[in-house]
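Some notes on the structure that comes next.
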Amino acid sequence: QVQLVESGGGLVQAGGSLILSCAFSGQFFSRRSMGWFRQAQGMEREFVAAISWSGGSTYYADSVKGRFTISRVNAQNTVYLQMDSMKPEDTAVYYCNSAGTLNYYYTGGSGEYWGRGTQVTVSS
């Protein structure tokens, strides 16, 4: 059984930075692609970033490209989301997701495993 636990959320000023972590427990982390999604209040959940099992391929939503960086350390079963130059519109609950392949994210989908989310608030 896969479990995902996010951490690192909080309050940050516009222009600041924050790093989110997602701890994966279960089998085959190093064989799974990982993604981050977010959901602002009253809005639908949206894709943010994804990374392949090896870390060799990444994929970003246009809204965060050039500001956010997704990475992973397979030896630690952890995926990260480095968020820089943050904007008030980045305010949302951020969710970690695990999928079999990166194609799930390319095609607008998601994997079957979700974390419970961590709140990120960016003040103007």
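Count residues from 1 along the sequence.
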- Kindly say whether I70 contributes a backbone atom to a donor-acceptor pair with the side chain of Y60 at under 3.5 angstrom? yes

- Close side-chain approach of P88 and Q13, heavy atoms under 4.5 Å: no

- Is it true that R32 and E112 make a salt bridge, defined as a side-chain N closer than 4.0 Å to a carboxylate O? yes

- Query: What class does the angle between the rings of F37 and Y105 fall in, given that below 30° is parallel, 30 to 60° is tilted and above 60° is perpendicular?
  - Reply: tilted

- Side-chain heavy-atom pair V120, L20 within 4.5 angstrom cut-off: yes

- Task: Check for a donor-acceptor pair, side chain of N97 on one end and backbone N or O of G111 on the other, with a separation under 3.5 Å.
- Result: yes

- Could you list who else is in Y80's hydrophobic cluster, with ILVMFWY side chains joined at under 4.5 Å, directly or through other members? I19, V73

- Query: Does R72 make a cation-pi contact with W53, if we ask for NZ or CZ under 6.0 Å from the ring centre and within 45° of the axis?
  - Reply: no

- Message: Using modelled atom types and a 3.5 Å cut-off, is there a donor and acceptor pairing between side-chain atoms of T118 and backbone atoms of G9?
- Response: yes

- Query: Is the shortest heavy-atom distance from the side chain of W36 to the side chain of C96 under 4.5 Å?
  - Reply: yes

- Is there a side-chain contact (heavy atoms from CB on, under 4.5 Å) between R38 and S63 once you walk through the steps? CA-CA 12 Å; R38 66 187 181 186; S63 59; 3.5 Å; yes

- Residue pairs involving residues 29-89 (criterion disulfide bond (SG atoms under 2.5 Å apart); sequence neighbours excluded): none

- Message: Can you tell whether the side chains of K87 and D90 come within less than 4.0 Å, N to carboxylate O?
- Response: no

- Item | T107 versus N103, closest heavy-atom pair with distance | OG1-O, 2.8 Å

- Query: Should M86 and V48 be regarded as members of a common hydrophobic cluster, given that ILVMFWY residues are connected when their side-chain heavy atoms come within less than 4.5 Å of each other, either directly or indirectly?
  - Reply: yes

- Evaluate whether atom CD of Q119 has more than 12 neighbouring non-hydrogen atoms of other residues, nucleotides or ligands under 6.0 angstrom away. yes

- Message: Are L81 and Y94 packed together at the side-chain level, in the sense that at least one heavy-atom pair is separated by less than 4.5 angstrom?
- Response: yes

- Task: Could you please spell out the steps behind the side chain to side chain donor-acceptor pair (under 3.5 Å) verdict for N74 and Q76?
- Result: CA-CA 5 Å; N74 284 348; Q76 298 177 355; over 6 Å; no

- Message: Tell me whether T121 contacts the main-chain N or O of L11 through its side chain, where contact means a donor paired with an acceptor under 3.5 Å.
- Response: no

- Query: To the nearest 0.5 Å, what is the distance between CZ (F28) and OG (S98)?
  - Reply: 12.0 Å

- Looking only at atom types and distance, does a side-chain atom of R31 sit under 3.5 Å from a main-chain N or O of Q27, one as donor and one as acceptor? no

- Query: If you count the non-hydrogen atoms of other residues, nucleotides and ligands that lie under 6.0 Å from CD in Q3, is the total more than 12?
  - Reply: no

- Is the Y59-Y106 ring centre distance short of 6.0 angstrom? yes

- Can you name the closest pair of heavy atoms from V79 and I51 and give their distance? CG2-CG2, 4.1 Å

- Message: So F68 and Q82, do their side chains get closer than 4.5 Å, heavy atoms only?
- Response: no

- With side chains defined as the heavy atoms from C-beta onward, is the minimum distance between M34 and C22 less than 4.5 Å? yes

- Message: Are V93 and V12 connected into the same hydrophobic cluster when the rule is that any two of I, L, V, M, F, W, Y join if their side-chain heavy atoms are below 4.5 Å apart?
- Response: no

- Which pairs pass ring pair (Phe, Tyr, Trp, His ring centres under 6.0 Å) with one or both residues in residues 4-24, sequence neighbours excluded? F24-F29

- Applying the 4.5 Å side-chain criterion to the ILVMFWY set and letting contacts propagate, would Y104 and L102 be lumped into a single cluster? no

- Is there a side-chain contact between E46 and Q39, using heavy atoms and a 4.5 Å cut-off? no

- Message: Can you tell whether the side chains of R116 and E6 come within less than 4.0 Å, N to carboxylate O?
- Response: no

